Amino acid sequence: MDKRNVTKNDFKFLDKELTFYKDNNLISEEQHNNILNQYSIKPGLNFVTILLLVGSLLLGLGILSFIASNWRVIGKPYKFSIIMIIFFICNLAYYKLYETYPKTSISSIYIALITFGSGIFLIGQMFNYGGNFSTAFLLWSIGIFPYTLFLKDKILFIICDIFLIIYIVDHFSLGTFPIAILIAIPLIYYCNIRLFFNPIITFFNNLVVLYTIAFTLERYISNYTISIFTFFIIGIIMYYAYLGYHKYIFNLQGNIIYGVAGLTLTFPDNWQDIKFFTDQNSKIISIIFSICFLIFLLLQTHKKNIISLIFIFFIIMRFYFDTLYDFIPKSLFFIIGGLILLGFGYYFERFRRKGGENYEN
């Protein structure tokens, strides 16, 4: 049976609890050890990994800075050769070092991929290639992706997602739809589920989809109210939908999305992109929405959802500032505001003591 991966803190907590049971003769020493042997600690970013990551980044940037600063005086064949030689030497270094120094060997791959990406931009400049800025990041992401699958490296996967977001943003800014994203989105989800099953990667995969939806709405709908309300619905769906994996990531992102979108829709001006809403209608619909949204959030806090409690605080403070700032003396305004903050501070502490919502995998 495969061991369950847990964080270092969770493993320590489990060990502490089992030791308590053992000391009170509830379980034996053998049972204590057998239970602990069913768990393994997840590998995390330790000091050595961070040191090698930063070192490889600085070294890669230093090499490329040297090449770029002497770019004009180097002939085209030599420019291409230098980039390819650095790339292959770094790959060779990984192959030679992997057995004895696995963490150091990964840093050579990072340098190779930095060289690869920068080479895309430098060679594009060398041959006067007039493609889009975003296309270079797409090609860079495509170059990184096989290494991501081969090494099963979470950092590289997240970098791929970030480059895809840059590709999306820049393409839409040029008024074109990023066609490649239609292949990329199902591919990144499939690879995460099959090879990684990592919540952080799921978080960034979701960001790629959300950015695609946001810019698609802006490009083809071009209605601020509809866009915000669409994201409000998306947030609700993400919060309640169960897709079979990393439910707590979808809960968290959905909670934040519908909270921000809902707070935005409490302002009357944000309803005026709907043509049949006048100024008066916008105020009425925003008040109705605010009341309904506040009731929804209160129901969520009853389920110990601390993020919804935070948005209740923002809504109260938003109406407090918007309604009373110009109508009561400033001293009284700040006194009441201070009391509200103190009240919420007390309630937050009490809420946390009772235990907020736990997003479970």
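Every value quoted in this text rests on a predicted model; they were computed, and no experiment measured them.
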- Query: If you draw a 6.0 Å radius around CD in Glu29, do more than 12 non-hydrogen atoms from other residues or ligands fall strictly inside?
  - Reply: yes
- If you count the non-hydrogen atoms of other residues, nucleotides and ligands that lie under 6.0 Å from CZ in Phe289, is the total more than 12? yes
- Should we count CZ of Phe13 as having more than 12 external heavy atoms under 6.0 Å? no
- Query: More than 12 foreign heavy atoms under 6.0 Å from CZ of Phe150: is that the case here?
  - Reply: no
- Message: More than 12 heavy atoms of other residues, nucleotides or ligands under 6.0 Å from CZ of Phe314: yes or no?
- Response: no
- Item | CD1 (Ile183) with more than 12 external heavy atoms under 6.0 Å | no
- Item | Sequence-distant partners of Tyr98, side-chain hydrogen bond (donor to acceptor under 3.5 Å, both in side chains), two or more places apart | none
- Message: I'd like to check Thr148 versus Cys160 (side-chain heavy atoms, cut-off strictly below 4.5 Å). Are they in contact?
- Response: yes
- Note on the structure: The reported gap from CG in Leu252 to OH in Tyr248 (rounded to nearest 0.5 angstrom) is 9.5 Å
- Task: Decide if atom CD1 of Ile200 counts as having more than 12 heavy atoms of other residues, nucleotides or ligands within a radius under 6.0 Å.
- Result: no
- Query: Would you say Tyr211 has more than 12 foreign heavy atoms packed within less than 6.0 Å of its OH?
  - Reply: no
- Can you tell me if Tyr239 and Gln300 form a side-chain donor-acceptor pair at under 3.5 Å? yes
